[in-house]
Amino acid sequence: GRNDGLVVTDAPSGDFDAIDMGAGFGCVRSKGGNITCWGTNTHGQCDPPSGRFESIGCGQTHCCAVSSDDQSVKCWGSIKASAPEYSQPQ
């Protein structure tokens, strides 16, 4: 579910192999490739897309991740409207 506004959630527990942090939020990638985010959500930065991902990187109010399925880059947060999806050149 969406974590709206200044509601702050706790970091998830589990087995993770990647983590990145932004301003007041963080995201982790599980060993299975799923992304979970926590913290403040003023720009949708705690609402990652569903799916499996190979890597993740976060900025101040956004994150991007590389999809395991088709190598496309998915972004969410403050740049969601301006950078919806990009595919890696073949």
Side-chain angles (χ1 to χ4, degrees):
R2 186 174 170 98
N3 171 18
D4 289 323
L6 296 177
V7 175
V8 178
T9 57
D10 293 330
S13 60
D15 291 329
F16 304 105
D17 59 7
I19 184 171
D20 207 348
M21 308 295 290
F25 77 101
C27 295
V28 292
R29 187 180 75 103
S30 71
K31 290 185 177 184
N34 296 310
I35 295 175
T36 303
C37 300
W38 73 96
T40 59
N41 195 35
T42 53
H43 299 283
Q45 65 268 40
C46 290
D47 297 324
S50 59
R52 295 179 50 226
F53 296 90
E54 294 182 8
S55 62
I56 183 171
C58 296
Q60 187 172 1
T61 58
H62 74 280
C63 288
C64 294
V66 177
S67 171
S68 296
D69 295 330
D70 61 6
Q71 301 299 301
S72 64
V73 175
K74 313 280 184 179
C75 296
W76 63 98
S78 66
I79 64 167
K80 190 174 185 177
S82 62
E85 292 184 14
Y86 294 95
S87 295
Q88 180 180 21
Q90 297 293 329

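The salt bridge (Lys or Arg N to Asp or Glu O under 4.0 Å) analysis of residues 26-36, with sequence neighbours excluded, yields the pairs D17-R29. For residues 32-43, no pair satisfies salt bridge (Lys or Arg N to Asp or Glu O under 4.0 Å), with sequence neighbours left out. The stretch residues 18-28 participates, sequence neighbours left out, in no side-chain hydrogen bond (donor to acceptor under 3.5 Å, both in side chains) pair at all.
Each of I35, N34, V28 was checked for a side-chain contact (heavy atoms from CB on, under 4.5 Å) with F16, and the lone residue meeting it is V28.
Looking at every heavy atom in both residues, W76 comes nearest to C37 through NE1-SG, 4.1 Å. Of all the heavy atoms in P12 and W38, the pair that sits closest is CD-CE3, 3.4 Å. Contact record, A23 with T40: O-OG1, 3.9 Å, taken as the closest heavy-atom pair.
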Donor-acceptor pairs under 3.5 angstrom involving side-chain atoms of residues 52-60: please list them, not counting sequence neighbours.
residue, atom, partner, partner atom, Å
R52, NE, G32, O, 3.1
E54, OE2, Q71, NE2, 2.7

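C27 has its SG atom 2.5 Å or further from the SG atom of C46.
A distance of 13.5 Å separates SG in C75 from CD in Q45, rounded to the nearest 0.5 Å.
S67 places a side-chain N or O within 3.5 Å of a backbone atom of D69 that can act as its donor or acceptor partner.
In this structure D15 satisfies the side-chain hydrogen bond (donor to acceptor under 3.5 Å, both in side chains) test with no other residue, sequence neighbours excluded.
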